[in-house]
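Reckoned from all heavy atoms, side chains included, excluding hydrogens, waters and symmetry mates.
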Amino acid sequence: MKFVSHMDRALAEARAAAARGETPVGAVVVAPGGRVLAADGNRVRERADPTAHAEMLALRAAAVALGSERLTDCDLYVTLEPCPMCAGAISLARIRRLYYGAEDPKTGGVAHGARVFSHRQCHHVPEVYDGISAAESADLLRDFFAMRRNAT
């Protein structure tokens, strides 16, 4: 089967999040066979919910779509390295593959910081592929925060 990236959709969700004044992060959950189950961007401010990260919202919606908390054989595309909370949820959902764009040395939970998947207590470790559309993902974040700094 030919690999088809869904990072363009995740980037579109990140741009939509930025337009809402949210940190521009987007996520997409894809079923086996390539059908998009769920996609969303950050909605932390909009919902006044510290857990409303793009990954969490997409995982929740995909679980509802499948009628199961287990997203076995599903893949997740996200524009930024997931934080520890999201990495934990990814493990609990049993995501097959995680594809992410920009690294997050400050608050990442996969390759940086907590490195959730490397702990012995982590029950499921997805295949991880980083650097997918990393430059575009990083540019979105950099431009968003530069605009916010200049607005004050």
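- Within a 6.0 Å radius of CZ in Arg45, no more than 12 heavy atoms belonging to other residues, nucleotides or ligands are found.
- At distances below 3.5 Å, at least one donor-acceptor pair connects side-chain atoms of Arg115 with backbone N or O atoms of Ala111.
- When the side chains of ILVMFWY residues are joined at heavy-atom separations under 4.5 Å, either directly or via intervening members, Val78 and Ile95 end up in a single hydrophobic cluster.
- Cluster annotation: Leu76 and Leu80 are assigned to the same hydrophobic cluster (Ile/Leu/Val/Met/Phe/Trp/Tyr, side-chain heavy-atom contacts under 4.5 Å, transitive).
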- Message: As a quick check of understanding, evaluate side chain to side chain contact (heavy atoms under 4.5 Å, CB included) for Leu57 and Arg47, giving each step before the final call.
- Response: CA-CA 11 Å; Leu57 298 172; Arg47 295 187 180 181; 3.1 Å; yes
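- Side-chain contact between Met7 and Thr79 is present, with heavy atoms from C-beta onward closer than 4.5 Å.
- For residues 47-91, every residue pair satisfying the ring pair (Phe, Tyr, Trp, His ring centres under 6.0 Å) rule, not counting sequence neighbours, is listed here: His6-Tyr77, Tyr77-Tyr99.
- For Arg94, the salt bridge (Lys or Arg N to Asp or Glu O under 4.0 Å) test picks out no residue, with sequence neighbours left out.
- For Asp73, the side chain to side chain contact (heavy atoms under 4.5 Å, CB included) test picks out Pro32, Arg96, with sequence neighbours left out.
- Listed here is the closest heavy atom pair of Glu55 and Cys83: OE2-N, 4.5 Å.
- Contacts of Glu127 classified as side-chain hydrogen bond (donor to acceptor under 3.5 Å, both in side chains), with partners at least two apart in sequence or in another chain: Arg97, Tyr129.
- For the salt bridge (Lys or Arg N to Asp or Glu O under 4.0 Å) test, no residue two or more places apart in sequence or in another chain qualifies with Glu69.
- With sequence neighbours left out, Arg43 forms a side-chain hydrogen bond (donor to acceptor under 3.5 Å, both in side chains) with Asp40, Glu46.
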- Task: Could you please spell out the steps behind the side chain to side chain contact (heavy atoms under 4.5 Å, CB included) verdict for Leu141 and Phe145?
- Result: CA-CA 6 Å; Leu141 288 158; Phe145 287 112; 4.2 Å; yes
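- A single hydrophobic cluster is not seen to contain both Leu59 and Met85; linkage of ILVMFWY side chains at heavy-atom distances under 4.5 Å, directly or through other members, places them apart.
- Looking at every heavy atom in both residues, Cys122 comes nearest to Ser91 through SG-OG, 3.3 Å.
- Between Arg148 atom CZ and Asp143 atom CG the span is 14.0 Å, to the nearest 0.5 Å.
- Under the rule for a salt bridge (Lys or Arg N to Asp or Glu O under 4.0 Å), the partners of Arg9 that lie at least two apart in sequence or sit in another chain are Glu13.
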- Task: Quick one: do Ile132 and Ser5 satisfy side chain to side chain contact (heavy atoms under 4.5 Å, CB included)? Show the steps, please.
- Result: CA-CA 9 Å; Ile132 312 296; Ser5 175; 4.0 Å; yes
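- Proximity of a side-chain donor or acceptor of Glu22 to a complementary backbone N or O of Val44 within less than 3.5 Å is detected.
- Just one residue in the list Val116, Ile90, Asp104, Thr107 forms a side-chain contact (heavy atoms from CB on, under 4.5 Å) with Pro82, and that residue is Ile90.
- Heavy-atom minimum distance, Gly26 versus Ala14: N-CB, 3.6 Å.
- Every residue two or more places apart in sequence or in another chain that forms a side-chain hydrogen bond (donor to acceptor under 3.5 Å, both in side chains) with Asp139 is listed here: Arg142.
- Of all heavy-atom pairs between Ala38 and Ala58, the closest is CB-O, 3.4 Å.
- Sequence neighbours left out, not one pair with a member in residues 8-45 passes ring pair (Phe, Tyr, Trp, His ring centres under 6.0 Å).
- Judged as a side chain to side chain contact (heavy atoms under 4.5 Å, CB included), and not counting sequence neighbours, the contacts of Ala63 are Leu71.
- Taking the side-chain hydrogen bond (donor to acceptor under 3.5 Å, both in side chains) definition, one finds that His112 meets it with Glu81, sequence neighbours left out.
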- Task: For side chain to side chain contact (heavy atoms under 4.5 Å, CB included), just list the numbers for Cys74 and Val30, CA-CA rounded to whole Å, side-chain angles, deciding distance to a tenth of an Å, and then say yes or no.
- Result: CA-CA 6 Å; Cys74 292; Val30 180; over 6 Å; no
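- Residues forming a side chain to side chain contact (heavy atoms under 4.5 Å, CB included) with Val128 (at least two apart in sequence, or on another chain): Leu98, Tyr100, Val110, Phe117, Pro126.
- Among all heavy-atom pairs drawn from Ala54 and Asn42, the shortest one is N-OD1, 2.8 Å.
- Ser137 and Gly101 get closest at one heavy-atom pair: OG-CA, 4.0 Å.
- Arg60 and Thr51 share a side-chain donor-acceptor pair at under 3.5 Å.
- Leu140 places a side-chain heavy atom less than 4.5 Å from the side chain of Leu11.
- Arg15 is not listed as a side-chain neighbour of Pro24, based on a closest heavy-atom distance of 4.5 Å or more.
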